[in-house]
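First the structure, which I've put down as structure tokens, then a few questions once you've had a look.
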Amino acid sequence: MKITLFFLYLVAIAGSIILPSIAFFSRREVYERWAKIVCVLVCIFGVAWSSSGLVMLHWRDALSRNTFDYIHTARSQLGGAIAGLLLSVVIARPWKKIAVEKSQPSA
């Protein structure tokens, strides 16, 4: 089970990093400025959430109960912030599609 959780946290880190890169470098959609900032915040919070999960997974026995509870509480708050921010972006749909013109062969 530890190896599954480990890979899940790595996938979450990769997803957190891919999200802002889509918002910044997409050629099909133009995102609003606030949505780009929210995506960067989700990236930071997602990396922090996954990193704290990895810490809890690896050092579960070495952490004191107070430290473990503190990290668990911080993870819960980060998870809620991530869910709320992503939900606000999805509901608002702050992107505009760009029509991609295909080059026509000259005759």
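Keep in mind the model is a prediction, meaning the values are calculated, not measured.
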List the atom pairs, with distances to 0.1 Å, where a side-chain N or O of residues 7-21 and a protein N or O form a donor-acceptor pair under 3.5 Å, not counting sequence neighbours.
residue: Tyr9; atom: OH; partner: Arg75; partner atom: NH2; Å: 3.4
residue: Ser16; atom: OG; partner: Ala12; partner atom: O; Å: 2.6
residue: Ser21; atom: OG; partner: Ile18; partner atom: O; Å: 2.5

Shared hydrophobic cluster for Val47 and Leu85 (ILVMFWY, side-chain gaps under 4.5 Å): yes
Lys36 vs Val40 side-chain heavy atoms within contact, under 4.5 Å: no
Between OG on residue Ser50 and CD1 on residue Ile82, distance to nearest 0.5 Å: 7.0 Å
Least distance between heavy atoms, Leu57 atom then Lys2 atom: CD2-O, 3.7 Å
Other residues, nucleotides, ligands: >12 heavy atoms within 6.0 Å of Tyr70 OH: no
Where at least one partner belongs to residues 64-73, residue pairs that pass salt bridge (charged side-chain N to carboxylate O under 4.0 Å, His left out), sequence neighbours excluded: Arg65-Asp69
Shared hydrophobic cluster for Phe24 and Val42 (ILVMFWY, side-chain gaps under 4.5 Å): yes
Spatial distance of atom OG1 (Thr67) from atom CH2 (Trp59) [nearest 0.5 Å]: 13.0 Å
Heavy-atom neighbours of Trp34 CH2 exceed 12 at 6.0 Å: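 Count over threshold, so yes.
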Cluster link Ile91 to Trp95, ILVMFWY, side chain under 4.5 Å: no
Connected via hydrophobic side-chain network under 4.5 Å: Leu5 and Met56: no
Verdict with supporting geometry, Val89 and Tyr31, side-chain contact (heavy atoms from CB on, under 4.5 Å): CA-CA 10 Å; Val89 170; Tyr31 287 83; 5.7 Å; no
Shared hydrophobic cluster, Ile71 / Trp49 (ILVMFWY, side-chain heavy atoms < 4.5 Å):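 No, it is not one cluster - the side chains of Ile71 and Trp49 are not joined through contacts under 4.5 Å.
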